[in-house]
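Below: one structure, written as structure tokens.
Within every chain, numbering begins at 1; the chains are lettered A, B, ... in the order of the sequence lines, protein sequences first and strands thereafter.
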There are 2 protein chains.
Amino acid sequence: MRRVPARNPRTPTGPGASATLADVARGAGVSKTTASDALRGHGRVSDATRRAVLDTARRLGYTPNRSARSLRTSVTDTIALHIPEFLTSAEYYMSFVFGVAEQAARAGLNVTLVSSGRLPQADGLILCDPMPDNPVVDQLMTAGLPVVTAERYGGDSRPTGVIWSDHETSLTELLDHLRARGARRPALIASDSAADWALTLQHTYDRWCAQHGVQRLLRKAPFGSSPEVLRGVVGELLAEAPETDAIVCAADGAAAAVLPEIRSAGRVVGEDLLLASCVDSLAMRTAEPPITSIDLRPRHMGAECVRLLCEILAGETPRGTTRTLAIDMIVRASTDS
Amino acid sequence: MRRVPARNPRTPTGPGASATLADVARGAGVSKTTASDALRGHGRVSDATRRAVLDTARRLGYTPNRSARSLRTSVTDTIALHIPEFLTSAEYYMSFVFGVAEQAARAGLNVTLVSSGRLPQADGLILCDPMPDNPVVDQLMTAGLPVVTAERYGGDSRPTGVIWSDHETSLTELLDHLRARGARRPALIASDSAADWALTLQHTYDRWCAQHGVQRLLRKAPFGSSPEVLRGVVGELLAEAPETDAIVCAADGAAAAVLPEIRSAGRVVGEDLLLASCVDSLAMRTAEPPITSIDLRPRHMGAECVRLLCEILAGETPRGTTRTLAIDMIVRASTDS
DNA sequence: ACGATGTGCCGGAACGTTCCGGCAAAGGAG
DNA sequence: CTCCTTTGCCGGAACGTTCCGGCACATCGT
């Protein structure tokens, strides 16, 4: 049990060491209190003094020590971010992450990634697409931190804030669009996941079918299914139900992955089979033909989550607030040739 | 200049408040020093005492306050991560991020995202695919922190550590493979970027052509080019140089994006035109036909960067260490029908 | 003249850790 | 027995910040 070799914890006194508040105070000829007040904009400080402090701070390259600050105030200026690990949705999640990162930077917040259940010290938490059957998610939900979720959470606990998109309306719009383009028997390749998003899509499809008096053509593929699996599902669908004249794919990327299978079934997309996706991506834009899809605007989603979290943390917005993020259908050649 | 409404900085004394070291010490009937030593495994503590401390700590749900710790020791147990913002490479970067996150969690480190130049307080920095002409990257390189880059850095400053892949060898292997499959005039659609990776590919291609006495068929597309642009480039290539019998695409996703263009030029991939990609992805696996490509193993790359950074921070590995990450060619139908 | 009010500034405690330098008791060598 | 070493523990300072509660001085109304 020997003591570790004493690493000197003192800041190196060379010019490389970052300046402390005391340095700034000394440099400006004021007390720590005044220096702090001047920098933070608190207290009563004359304009001349404030300027002097700000000036020396800049001159010395002063950066406040976040640890000290957060030790004192117990605010960390940090938000934690959890995203599900599905490479099929890499583009969506990556955009989301950038949205979060950018907005957080704008608000002066750090973003730290949480992968395991071990929650880093943070002021709040953003959960992207939380699935109630994910133990990590459940753990994070009940950690006592303010939580904002991107999309609604189907589990027991209530998030502190929610940003969600009205998939019901947009899928309805999409199905109406297909119908207007002549499709009478649209099928849904649903994502078999417990996520609220997936559930809503199925539910919406069911209702739409009922309202229009058409029989459902529903197939489920597990969330995060490989393209091979998806192709299999679509192949089966087209074999069993050749009357299918439109296919809507729920899962990210699925519609593009499924194109070859449709072709090899002898159907031609945009002509005798309409194809659409519930989530837009590069693959949809560049598929041949380009695929009509719903732009989920993940980047905005990320930014909005941060915004809401900040407002809740600042007490400007009540806990339990829920907001919608507008999403758009983008019509492309796959349904409009 | 009014004072802000005094938010009480004291920890709430209720049972919801997380226990402090002093609480643990009191609970175990020892001093803070002994409690700390017992928990950290430092100093000289009898087994009985250690057990008692560990026990009360668990009982009280003690979590060390990271801010206090890092204030005292000036280590933050945090690494900063920067990734370029190219949605075309979403899958690669996302995998990389998960590799980093996972390995960091294993090492007990937090990962914080850096988007702007504003560097969060961290012990070290990981730069993914740093491009020397990116001002943010340059800024981060010279911030004085230990930096590990994924792929080599072409700029002036030297990173503290580097993990890179031997693209020269793997591209050579790929070109040899194409030749063995009968291709005599392979073209390279290069990524026109200052990243070391892109440069190496071009250079390797040049050399290979020289060695085999074949004339180069090189086309450049700006890094992050839209699929439309890429298609244009390939269309032009096939029109201007119909003798092209193989195409290697450098950029992530490009090979798949370009497939329709090849088809509409009347060529059939895997038959009279071989197609390969320098970076593997879902799109390559699921293209029709599946596309031969080089698996860059981004997840391992991320993990290795963290590992190296940790070793350097611990002083186990000298600064300036450079390591290679093995990458593999995966042969698929696009070159092997 | 005097108190009241406001302005500008500061001393110093506190946040929760780590760890230096002790000190007392126990054990061992002579 | 004495002297020395080892073991087990602890007091308290320090890290850099925030902010409470002051204090001195100026200004102003009466």
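A donor-acceptor pair is defined here as one N or O able to donate and one able to accept, closer than 3.5 Å; such a pair exists between the side chain of A:Thr73 and the backbone of A:Arg69. Here the side chain of B:Arg319 pairs no donor or acceptor atom with the backbone of B:Ile312 at under 3.5 angstrom. Under the 3.5 Å distance criterion, the side-chain polar atoms of B:Asp196 are left unmatched by any main-chain donor or acceptor of B:Tyr153.
For the pair A:Asp37 CG and D:dT17 P, the computed distance is 14 Å after rounding to whole Å. The interatomic distance linking A:Leu71 (CG) with D:dA14 (C1') rounds to 12 Å, in whole Å. The distance between atom NZ of B:Lys32 and atom C1' of D:dC10, rounded to the nearest whole Å, is 10 Å. Taking atom CZ of residue A:Arg26 and atom C1' of nucleotide D:dG16, one finds them 13 Å apart after rounding to whole Å. Here the P atom of nucleotide D:dC20 and the CZ atom of A:Arg44 are 12 Å apart, to the nearest Å.
Between B:Ser31 and D:dC10 there is a side-chain N or O to OP1 or OP2 distance below 4.0 Å. Between B:Ser36 and the phosphate of C:dC19, there is no side-chain N or O to OP1/OP2 separation shorter than 4.0 Å. Using a 4.0 Å cut-off, some side-chain N or O of B:Thr20 falls inside it from OP1 or OP2 of C:dT17. In terms of phosphate contacts, A:Ser46 brings a side-chain nitrogen or oxygen within less than 4.0 Å of OP1 or OP2 of C:dC9. Between B:Thr34 and D:dC10, a side-chain N or O to OP1/OP2 separation shorter than 4.0 Å is present. Within the structure, a side-chain polar atom (N or O) of A:Thr49 is placed less than 4.0 Å from OP1 or OP2 of C:dC9.
Using a 4.0 Å heavy-atom cutoff across all strands shown, B:Ser70 reaches no nucleic acid atom at all.
Contact annotation: side chain of B:Ser67 to base of C:dG16, donor-acceptor pair absent below 3.5 Å.
At a threshold of 4.0 Å, the pair B:Glu102-B:Arg106 counts as salt-bridged, since one of the basic side-chain nitrogens sits closer than that to a carboxylate oxygen.
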